[in-house]
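Reading through the structure tokens given below for one structure.
In each ligand, atom 1 is the first atom listed, and ligand 1 is the first ligand listed. FYI, side chains are in, hydrogens and waters are out, and symmetry mates aren't considered; it's all heavy atoms of this structure. Just so it is clear, the model here is predicted, and its values are computed rather than measured.
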Amino acid sequence: MLLRQGIKIEAKSFAMGVRVEHPQSLIDSIQYHGISRNEYLPAASYSLVHQVEGRGVYSFCMCPGGFIVPAATGVDEVVVNGMSPSLRNSKWANSGIVVEIRLEDLGDYSKFGELAGLEFQHQLEMLAHKHGGYGVQAPAQRLVDFVEGRFSSNLPACSYHPGLNSSEMNLWLPQHVGTRLQEGFKAFGKKMRGYLTNEAVILGVESRTSSPVRIPRDPETLQHVTLSGLFPSGEGAGYAGGIVSSALDGDKCADAVAKYLAV
Ligand SMILES: Cc1cc2nc3c(=O)[nH]c(=O)nc-3n(C[C@H](O)[C@H](O)[C@H](O)COP(=O)(O)OP(=O)(O)OC[C@H]3O[C@@H](n4cnc5c(N)ncnc54)[C@H](O)[C@@H]3O)c2cc1C
């Protein structure tokens, strides 16, 4: 909408990949070194990062004792995300595992200019819809099968309610995402012994970790660089990622708006 009105926006780097789910008991056993979790220990979490061919591959929004949930906004997309209830008491541990995407990775999509990342994101979400079976099921593969490039003839139980459709994700994920994920998972398996297992399943796609566009603003006034009175803020405008940073950015922008109106 802003672009159509000739209001400047810009493409920015972002990240996308898959969501992986393990039994929580397995993550507990790795993180608590085999000691069984008692009522005083929380469901264990993890944070993983590895560099593959100049790009970060990392865990994002790890949800101990949580669920994988659908997060698409269109009928032709499948997008997954994760959440934990406050008790963190489901039997699953899930996390986004995403690859950093820079503008130079977008190849042919550069013809979409500032919207290159958005277009790339949408294409991948439509591919997930197709490989999930054109419904709300998510395409999925057992973790070791994904890393070794093998079809999963069956899938483990999973917290994702709409259901799973077995798919060789490495065949349709863009190569610069798929191969980095495979290498990343191998490295994670060395950092957390037992993590790289076919008891785990990956679902596609985790594509909404951060905004692929930014609406540029003046760092002092927080107003758009050319349109005064417009205060780009929060995650969609490219200034936050997650609940707390979005809230803080909103607070900062509300102060800037109040100052602007008082002049
Ligand atoms: C399933 C799920 C789990 C998540 N879990 C976590 C977590 O555990 N921790 C964490 O930090 N983050 C989490 N997030 C991310 C977090 O929700 C976002 O980072 C945060 O909500 C972004 O805040 P925001 O204010 O920028 O945008 P939003 O919260 O998306 O708010 C934008 C608002 O604008 C409204 N809007 C949109 N278009 C228009 C329009 N044209 N006119 C009027 N209103 C409009 C929308 O209805 C919405 O209310 C999760 C997200 C999802 C989907």
Checklist outcome for this item: For ligand 1, protein residues within the heavy-atom limit of under 4.0 Å are V69, N81, G82, G234, E235, G242, I243, S246
Checklist entry - Does E148 have any side chain to side chain donor-acceptor pair (under 3.5 Å) partners at least two apart in sequence or in another chain, and if so, which? => result R150
Item to check | H131/F151 aromatic ring centres below 6.0 Å | outcome: no
Next on the checklist: Is there a ring-ring contact (aromatic ring centres under 6.0 Å, His included) between F188 and H22? Walk through the geometry before answering.
Outcome noted: CA-CA 13 Å; F188 297 162; H22 293 78; over 10 Å; no
Checklist entry - Is D76 paired with K130 through a side-chain N to carboxylate O contact shorter than 4.0 Å? => result no
Item to check | More than 12 heavy atoms of other groups within 6.0 Å of E104 CD | outcome: yes
Checklist entry - Can a donor-acceptor pair be found between the side chains of R208 and T73 at a distance below 3.5 Å? => result yes
